[in-house]
Amino acid sequence: MGEDKAAVWDGGACGTKKHSLKFKLSLSYAVMALLLVASVSLISNLFFRSQFNRYMIRQQDAKNREIVSQISRQMVQNSGSSRAQALETVGVSALERGVIVKVYDDSGRILWDATAHNGGFCQQMLKNMAEEMQSRSPNFKGEYEEKKYPLMSGVKRIGTVTAGYYGPFFYSANDADFINTLNHVLFGVGLGSLVLAVLLGIYMANRISSPIAHAIGAAENIAKGNYREKIPQASGTLELDRLTASINRLSDELQNQEVLRRRLTTDIAHELRTPLAALQGNVEALIDGVWEPTRERFESCHEEILRLARLVSNLDRLARLEDENAGLRLSEVDLTAAAEKAVRSFEAERMKKKIQVSVSGPPVKIAADADQISRVFVNLLSNALKYTPEGGAVRVTLSEDEKNAAVEVSDTGTGIAREDLPYIFERFYRTDRSRSSRSGGAGIGLAIVKAIVEMHHGTISARSAVGKGTVFRVVLPRNQP
Ligand SMILES: Nc1ncnc2c1ncn2[C@@H]1O[C@H](COP(=O)(O)OP(=O)(O)O)[C@@H](O)[C@H]1O
Ligand SMILES: [Mg+2]
């Protein structure tokens with residue numbers, strides 16, 4: 001019941017109905033194509049019509065002039081009754097071509113008049129033409145028009161002709177056919193390009209939306225904890241490729257974290273089990289009377305307890321360092337002095353393993369938390385000495401530029417394998433999977449160093465060659481923001 005309500009409410013929260021990207025893209029392509037095709041056809045149709053009408057008007061005028069020149073020829077060649085005969089022949093043929101002719105002589109006397117010759121036919125013809133034009137284009141406004149043309153014989157004016165016609169122009173059945181065919185072609189081309197545009201739009205929308213759908217699927221898989229499946233990366237679109245690449249990276253990173261998390265649990269168990277097992281064994285032996293309760297026995301128990309206490313206090317320190325609100329007690333720290341002091345604290349170990357230790361570089365002073373900086377040196381030096389065999393060398397090198405100070409701690413020790421290098425700063429991570437207590441600590445030292453460096457807005461990195469040695473590089477800003 002409650003679930004039902006939530007579902008309904010959720011739908012309401014969305015407000016508008018959601019459409020898929022593919023649908024929206026296809027729709028926008030189609031609408032764009034429709035607008036484009038419609039406007040192109042409309043413009044070309046309008047342009048063509050106005051050109052065609054102008055052409056028709058010119059045609060009508062040419063027809064009139066041809067008739068006028070025929071009349072003037074007859075006027076010049078004939079006289080008297082044969083002239084009247086000739087004028088009638090020309091006038092009737094003009095009438096058949098839709099032109100109503102009236103001929104006047106130079107004194108304005110009428111010589112021949114088509115309306116007088118056959119007025120009924122003229123009326124009927126104009127009416128038919130008007131009806132035809134109206135049926136072809138209902139918006140056409142046509143009416144009877146007359147134009148006057150002079151009758152010339154050489155340079156001498158011998159009369160006037162008025163040519164009456166249905167104007168401004170008239171489409172014959174052939175003309176109308178031509179226009180219709182053209183309109184059909186235009187419409188066909190428009191429809192064709194519209195279909196093509198929609199198909200292309202759907203294709204493009206598919207190309208864009210399918211990698212996104214893949215990415216969504218992958219992200220859902222990742223959310224379910226399935227990191228193995230990778231998205232194929234060949235959409236041909238820069239942004240989409242970057243999206244899939246970062247999802248793939250995210251999945252890799254999560255997978256790594258998952259592996260580390262599992263490993264962390266077993267590592268912690270191991271770190272706790274070893275001293276506890278030793279303690280348990282010792283105490284049981286004392287209780288059972290197998291061992292005499294001597295000072296040495298108690299001291300060895302005490303050692304295991306110290307080991308546990310050290311682990312807990314290291315974890316404590318790490319937790320405090322990673323607390324967002326933890327503050328730095330800033331003062332001016334002389335890095336060279338801090339390095340030398342840390343080196344001195346390892347004097348005994350250095351002598352025992354006959355390892356050369358040197359500090360070099362200009363005196364560098366930065367604003368930092370002195371206690372924490374000396375812990376960085378101690379942890380890095382303790383590792384360098386621990387993982388360097390007898391007779392080796394450990395160097396601390398300092399340098400600076402305007403903004404940063406850099407510290408490099410290098411050794412000629414065992415080195416770190418390439419596959420371990422990305423993880424050595426993780427808590428409890430040790431390259432020695434057997435975690436022997438003789439070869440190292442609990443694996444928290446570098447995690448603490450990294451936390452301190454990051455609190456100081458610095459960076460730490462390591463490069464290493466197995467069998468040759470390792471270099472840890474710490475870069476710290478000279479002033480804290
Ligand atoms: N200078 C070094 N040379 C070789 N390996 C190193 C060096 N420093 C650290 N490591 C590797 O990184 C791991 C993590 O170091 P750290 O966090 O200090 O733990 P540990 O308590 O083992 O010293 C070590 O177990 C070791 O395998
Ligand atoms: Mg260490």
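As the structure lists them, so they are numbered: ligands from 1, and atoms in each ligand from 1. FYI, side chains are in, hydrogens and waters are out, and symmetry mates aren't considered; it's all heavy atoms of this structure.
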Under 4.0 Å to a heavy atom of [X] - the qualifying atoms of ligand 1, by number:
X	answer
Ile416	4 (C), 5 (N), 6 (C), 10 (N)
Thr470	3 (N), 4 (C)
Tyr429	13 (C), 14 (C)
Ile424	12 (O), 14 (C)

Can you check whether Phe298's main-chain N or O pairs, donor with acceptor, with His302's side chain at less than 3.5 Å? no
Report yes if the distance between the aromatic ring centroids of Phe178 and Tyr171 is under 6.0 Å, otherwise no. no
Does an N or O from [X], backbone or side chain, lie closer than 3.5 Å to an N or O of ligand 1?
X	value
Leu446	yes
Gly443	yes
Tyr387	yes

Any side-chain heavy atom of Leu315 sitting closer than 4.5 Å to one from Phe428? yes
State, with a plain yes or no, whether a side-chain heavy atom of Asn383 is found less than 4.5 Å away from one of Val409. no
For a quick check under 3.5 Å, do Asp316 and Ser313 share a side-chain donor-acceptor pair by atom type? no
Residues Thr244, Leu240; criterion side chain to side chain contact (heavy atoms under 4.5 Å, CB included); working and verdict: CA-CA 6 Å; Thr244 51; Leu240 292 178; 5.8 Å; no
Would you say Glu292 has more than 12 foreign heavy atoms packed within less than 6.0 Å of its CD? no
His214 atom NE2, neighbour heavy-atom count above 12 within 6.0 Å: no
Please work out whether the ring planes of Phe472 and Phe425 are parallel, tilted or perpendicular, with thresholds of 30° and 60°. perpendicular
Under a 4.0 Å heavy-atom limit, does [X] contact ligand 1 with its side chain, its backbone, both, or neither?
X	value
Asn379	neither
Ser464	neither
Thr431	both
Phe425	neither

Just to be sure I'm reading this right: ignoring hydrogens, which of Asn383, Asn314, Thr414 gets closest to atom 9 (C) of ligand 1? Compare them by their nearest heavy atoms. Asn383
What protein N/O/S atoms lie closer than 2.8 Å to the Mg ion (ligand 2)? Asn383 OD1
From CA spacing to verdict: ring-ring contact (aromatic ring centres under 6.0 Å, His included), Phe170, Phe140: CA-CA 10 Å; Phe170 174 74; Phe140 183 77; 8.8 Å; no
My understanding is that only one of Ile268, Leu306, Leu272 makes a side chain to side chain contact (heavy atoms under 4.5 Å, CB included) with Leu311; could you say which? Leu272
Quick one: does Arg427 get within less than 4.0 Å of ligand 1, heavy atoms only? no
Cut-off 3.5 Å, no hydrogens considered: what does the side-chain donor-acceptor table look like for residues 357-377, sequence neighbours left out?
unit_1, atom_1, unit_2, atom_2, d
Asp369, OD1, Asp371, N, 3.3
Asp369, OD2, Arg329, N, 2.9
Ser374, OG, Asp371, O, 2.9

